[in-house]
**Student:** 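The structure's right below; bear with me while I get my questions together.
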Amino acid sequence: MTTFIQPLLQVVDPQLPPPSGVVYFVATVIKMLVVFTIYMVGVALLTLAERKISAWIHDRIGPNRVGPGGLLQPAADGLKNIMKEETYPGAANLPLFVLAPAIAFVPALLTWCVIPFASPLPTPWGLIDMVVAPLPVGYLFILAISSLGVYGIVLAGWSSNNKYALLGGLRSSAQMISYEIAMGMATIPVLLLAGNVALNDIVLQQAHGLWNVLGLTVAFLIFLVAAFAETNRLPFDLPEAESELIAGYHSEYSAMKFSMFFIAEYANMVTASALMVTLFFGGWDIPGQWDVAPWSAWKTLATGGFFLFKVMFFLFFYMWIRWTLPRFRYDQLMALGWKFMLPLSLSYIVIMASAILGLDAAGVARGSWMFGLSLLALNVVLVGILLFLIDRGRLISPAYSRLDKRNVDKLRAVAARSSLMAEGRN
Amino acid sequence: MAIGVKVLDRPIEQTSYVRATLKGMALTAKHLLNPQKVTTQYPEQKKPLSPRWRGTHRMLTTEEGKAKCVACGLCPTICPANCIKLVPGEDEKGNRYPLIFEIDEFRCIFCGYCQEVCPEEAIHLGRHYENSEYSRQGFVYDLERLTAQTHPVCEMWDPADPKGE
């Protein structure tokens with residue numbers, strides 16, 4: 001009896017992890033509910049935000065009829081999609097056709113559970129981590145789950161039994177696999193600096209030192225581009241490609257199942273933004289005295305709000321890019337992924353690994369200002385070189401591939417003999 | 001014959017993704033922060049119509065509320081679309097009036113000849129554009145409907161005042 005009562009009567013230090021499994025379980029359930037609710041409402045509001053931002057960029061006004069300033073538009077859209085008729089193509093593979101929207105959506109939601117969104121919260125029952133599941137394998141879990149997202153799209157394309165849908169699905173699989181490699185490679189320097197794959201440790205390392213975006217800008221740029229490709233957002237929305245493939249993989253979908261693909265796209269965006277913030281922008285870290293123990297509820301609130309702010313900035317950035325840049329051609333997409341991003345990320349790993357090894361060998365302590373400063377200096381040099389190389393069209397080809405001088409002269413000679421071309425010249 | 005190949009040889013500054021992307025993003029950001037207000041919120045705000053706007057018809061009435069039309073038959077004669085149906089009648093005092101006066105607004109091409117030709121300034125085109133009905137039959141306006149319209153009427157082009165000043 002005493003052994004049963006004793007843990008309950010014990011005064012728990014709020015700054016230490018909870019001793020009891022019950023507390024852990026209850027806290028996890030509460031966190032799941034809160035995060036899921038905020039996440040889904042946020043995703044719904046994102047559809048409105050996208051329409052509003054696109055409207056403002058186009059000098060339009062955007063949805064403003066439902067509710068104050070159009071705020072209830074997502075509810076109206078949802079209601080409409082639930083009321084609409086679900087159509088099933090006669091030749092579709094029905095089980096997979098129904099399953100695909102869910103498969104597209106679930107991985108995005110699952111990924112979110114390992115992302116730390118605020119500093120730990122001290123409670124009378126112990127210190128609660130502000131992450132749904134503080135997995136020690138954190139980042140590896142994200143890589144594993146996010147690669148599952150492609151299944152939803154490929155299955156949707158295949159099970160529709162429609163040539164456009166299938167082409168969209170095939171493109172998406174090729175695109176996501178190509179960019180996943182660059183994405184994974186780009187984050188290896190981050191893991192090298194943190195010395196761990198747990199996302200909480202990556203955040204704490206940035207909280208005590210430099211935000212990774214300052215030390216590893218090249219990795220951030222690669223990750224940013226790859227994240228756009230991973231979420232099938234413009235300029236990499238080839239699986240959809242209205243101009244060529246009707247609506248790509250979701251051509252045959254209607255009503256709520258079509259809506260699920262939309263929800264999945266925005267859910268993926270939120271997750272990718274949160275990942276960018278966690279890996280490169282210090283996660284929930286606010287520079288200053290906010291990120292060190294002792295923890296308090298105010299610190300949790302402030303860091304959570306700041307995390308949300310950073311995530312929203314990236315969501316805005318996604319939309320800003322979408323309404324600015326046109327879509328890539330398929331071969332350009334593949335060339336960028338395999339011929340530019342992959343070699344770049346590989347060589348960046350080599351450079352950063354040698355730099356970290358060199359600093360360690362020189363006896364510079366991790367997290368000291370010397371360490372941060374030398375990383376910063378190296379980073380400035382590398383970004384300078386990278387921008388110089390890209391800007392002059394030496395590494396990635398623009399809309400056409402550059403010919404060498406000999407070939408240009410040959411073509412000019414052909415063109416000069418051709419009467420067709422002579423007319424074109426004038 | 002050789003195939004004409006168009007060789008693009010742009011200057012190297014134009015072949016970069018980075019500058020073009022940044023330029024484009026600056027442009028969209030400019031519009032995002034400082035949009036040009038061009039939208040008219042239609043049902044609440046309406047743009048002013050030209051005084052010479054030619055919309056659906058209206059029959060003007062005398063002070064007693066009867067149609068000014070004397071059933072002279074000029075408007076169905078001049079109408080190029082043949083959309084006016086007129087059956088003239090005569091009362092005991094010998095005044096002519098229309099027994100039936102119908103305009104099929106679907107056939108009408110809104111040329112305004114009927115208004116121009118009318119000796120009594122009875123039939124007019126309206127400065128009006130919100131027409132909708134639940135049936136095609138609803139677009140055949142009879143005399144009762146034409147006299148009941150209240151919207152402003154079109155001002156015809158005047159040779160003495162070509163710019164409508």
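Quick note on labels: first sequence line is chain A, next is B, and so on, each numbered from 1. Bear in mind that the values here come from a model prediction, so they are computed numbers and not experimental data.
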**Student:** Check this for me: A:F309, atom CZ, are more than 12 non-hydrogen atoms of other residues, nucleotides or ligands nearer than 6.0 Å?
**Tutor:** no
**Student:** Chain B: which of A:I53, A:D59, A:N64 shares the most heavy-atom pairs with it under 4.5 Å?
**Tutor:** A:D59
**Student:** Within a 6.0 Å radius of atom CD on B:E133, are there more than 12 heavy atoms belonging to other residues, nucleotides or ligands?
**Tutor:** yes
**Student:** Are any side-chain N or O atoms of A:W323 and backbone N or O atoms of B:T28, one a donor and one an acceptor, separated by less than 3.5 Å?
**Tutor:** no
**Student:** How many angstroms lie between atom NE2 of A:H58 and atom CG of B:L32, to the nearest 0.5 angstrom?
**Tutor:** 10.5 Å
**Student:** Measure A:I57 against the heavy atoms of chain B and call it side chain, backbone, both or neither at under 4.5 Å.
**Tutor:** both
**Student:** Counting neighbours of NZ on B:K68 that are heavy atoms of other residues, nucleotides or ligands and sit closer than 6.0 Å, is the number greater than 12?
**Tutor:** yes
**Student:** Quick one, B:Q41 and A:I61 - any side-chain contact, counting heavy atoms below 4.5 Å?
**Tutor:** yes
**Student:** Between CD1 of A:I321 and OG1 of B:T21, what distance do you get to the nearest 0.5 Å?
**Tutor:** 7.5 Å
**Student:** Is A:R65 atom CZ crowded by more than 12 heavy atoms from other residues, nucleotides or ligands, each under 6.0 Å away?
**Tutor:** yes
**Student:** Just wondering, more than 12 heavy atoms not from B:Q137 lying within 6.0 Å of its CD?
**Tutor:** no
**Student:** Considering residues, nucleotides and ligands other than B:Y113, do more than 12 of their heavy atoms fall under 6.0 Å from its OH?
**Tutor:** no
**Student:** Once you round to the nearest 0.5 Å, how far does CH2 of A:W56 lie from NE2 of B:H31?
**Tutor:** 16.0 Å
